[in-house]
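Note: hydrogens, waters and symmetry copies are ignored here, and every other heavy atom, side chains too, is used. Note that ligands are numbered from 1 as they come in the structure, with each ligand's atoms numbered from 1 the same way.
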Amino acid sequence: MPSAPFVELCQTARDIGTLNSVSSLLNWDQETYMPPAAADHRAEQASMLASLVHERRTNKHVGDLIATCETDKSIVADPSSAAAAAVREFRRDFELATKLPGDLVAELAKVGSQAQEVWKDARQKSDFKLFAPWLEKMIALVRKKADCYGVAKGGERYDALLNEYEPGATAREIETIFTPLRSRLAGFIAEIARSKNKPSDKPLHAKIEADRQHKFGQFVLGAMGFDLKAGRLDVTTHPFCSEMGPSDVRLTTRYRDEKFTDALYGTMHEAGHGLYEQGLPKNGKLDGIPLFGTPLSNSISLGIHESQSRMWENLVGRSRGFWEWALPHAKQILGPALEPFSVDDMYRAVNIVTPSYIRVEADEATYNLHVMLRFQIERALIAGDLEVAAVPSTWNKAFKDFLGLDVPDDRRGCLQDVHWSFGLVGYFPTYTLGNLYAAQFWETIRGQVSDLDQQIARGDFKALKTWLNQNIHAHGKRYRAADLCKMLTGAPLSADPLMRHLEKKLRPIYGI
Ligand SMILES: [Zn+2]
């Protein structure tokens with residue numbers, strides 16, 4: 001029988017979850033259908049909800065309930081139990097919410113929204129000097145935030161920021177994985193660049209209208225097992241996945257007539273996030289207590305979330321089996337523009353590797369170098385080892401080192417991403433962590449689902465989805481990412497599975 005304080009904590013979490021789901025809905029509407037003139041009132045709505053959530057998260061009574069649960073032997077005697085994990089995460093959330101003084105939270109939000117507007121203008125004009133004073137302000141605030149959270153002994157300020165997105169991870173651990181991965185990737189990419197056997201990109205540029213692309217996207221979503229009765233696919237400028245309640249997951253994508261694979265892979269990526277959200281036990285119960293809103297129905301970390309999206313986008317979507325299944329359907333739904341191309345043409349085209357300037361357009365191999373560069377720069381900014389004024393020159397030099405290209409302007413260099421403008425520091429590394437977790441989970445899944453490749457080639461994704469549902473989604477936040485990885489794969493996170501995956505796929509394609 002769960003104790004009264006535990007039941008009350010879960011009820012509070014459910015209220016917060018419900019308020020958050022209303023925020024998500026408003027946000028989704030703002031990005032999709034809201035008329036522009038509604039923006040001011042929408043900001044009022046969003047800010048009122050945010051303060052309601054903040055009040056509830058920081059309520060002193062919640063702190064007392066957590067403290068009571070922490071001394072309740074029936075909960076904490078077994079630290080690996082679901083209830084103990086929930087209390088651990090209630091504590092973490094309470095600490096994150098209460099350690100920041102209200103005026104700092106307000107200042108971060110205000111400077112963030114101003115800096116974002118300045119960043120838009122600076123990026124458009126490709127003028128870093130416009131953005132520099134705002135980035136300075138933001139970095140100062142973010143450092144203050146890290147100090148409020150507190151730095152663990154032997155750790156660094158950056159860890160406190162990283163912890164918001166990837167609980168328990170540290171900069172040093174990430175560096176230990178990233179540094180060797182970087183040189184292995186760089187060597188491999190250079191080998192690919194010297195290949196005389198480069199795939200043609202013609203199939204990617206078959207001209208296909210948006211409504212056909214939308215139809216095909218929905219067809220692939222259905223095959224993946226994304227429940228369209230509990231979700232939607234709409235159009236936005238920046239694709240995302242948003243969860244707004246136990247049976248409502250919204251995906252968005254964007255269509256470009258001249259490159260249909262952008263929308264296809266964007267949709268598969270967001271659907272990977274969406275399957276995770278649909279797979280979390282939001283309708284589940286623990287000893288009769290509904291789980292919605294509690295840590296046991298929330299995702300583990302951004303890195304694990306990204307592992308789900310990257311798995312469907314890259315490991316499934318860029319495999320030969322996927323195209324064996326998908327191409328006949330694609331020809332039927334997307335129309336005659338694809339008629340000239342074979343499975344091999346498609347498979348080779350979607351796996352082209354070539355260094356480029358923009359992270360979000362980068363291929364599976366070079367993508368991680370973009371992330372490592374940002375990690376290096378933001379870590380130095382937070383440590384105080386790098387001045388904001390030196391960001392462009394440091395970026396450009398590192399870009400040449402990492403990817404071998406001269407950055408032509410800041411728009412295609414250090415001004416390309418929105419993250420720093422609203423204070424998202426410690427976020428970037430989770431993109432590469434996602435790729436690494438995906439590849440490592442994939443090796444385990446292949447070991448357990450012996451004919452996975454053949455299943456994919458038949459468009460049968462049930463066994464894969466069930467594996468993810470049972471082994472990753474069902475746990476909510478019960479395990480930390482590093483522990484889940486060890487539990488499922490028998491080893492700590494490593495760069496080896498990703499390198500093995502890339503080499504095994506790309507060497508034959510490039511004849512190297
Ligand atoms: Zn993602």
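- Among the backbone and side-chain atoms of His269, an N/O/S atom is found under 2.8 Å from the Zn ion (ligand 1).
- Contact annotation: His273 places an N, O or S atom under 2.8 Å from the Zn ion (ligand 1).
- Of all the N, O or S atoms in Glu306, the one closest to the Zn ion (ligand 1) is OE1.
- Of all the heavy atoms in Pro167 and Ser301, the pair that sits closest is CD-CB, 3.7 Å.
- For the pair Arg446 and Asp453, the salt-bridge criterion is met [side-chain N within less than 4.0 Å of a carboxylate O].
- Phe399 has its ring centre less than 6.0 Å from the ring centre of His370.
- Residues Arg184 and Asp496 are paired through a salt bridge, judged by an N-O separation under 4.0 Å between the basic side chain and the carboxylate.
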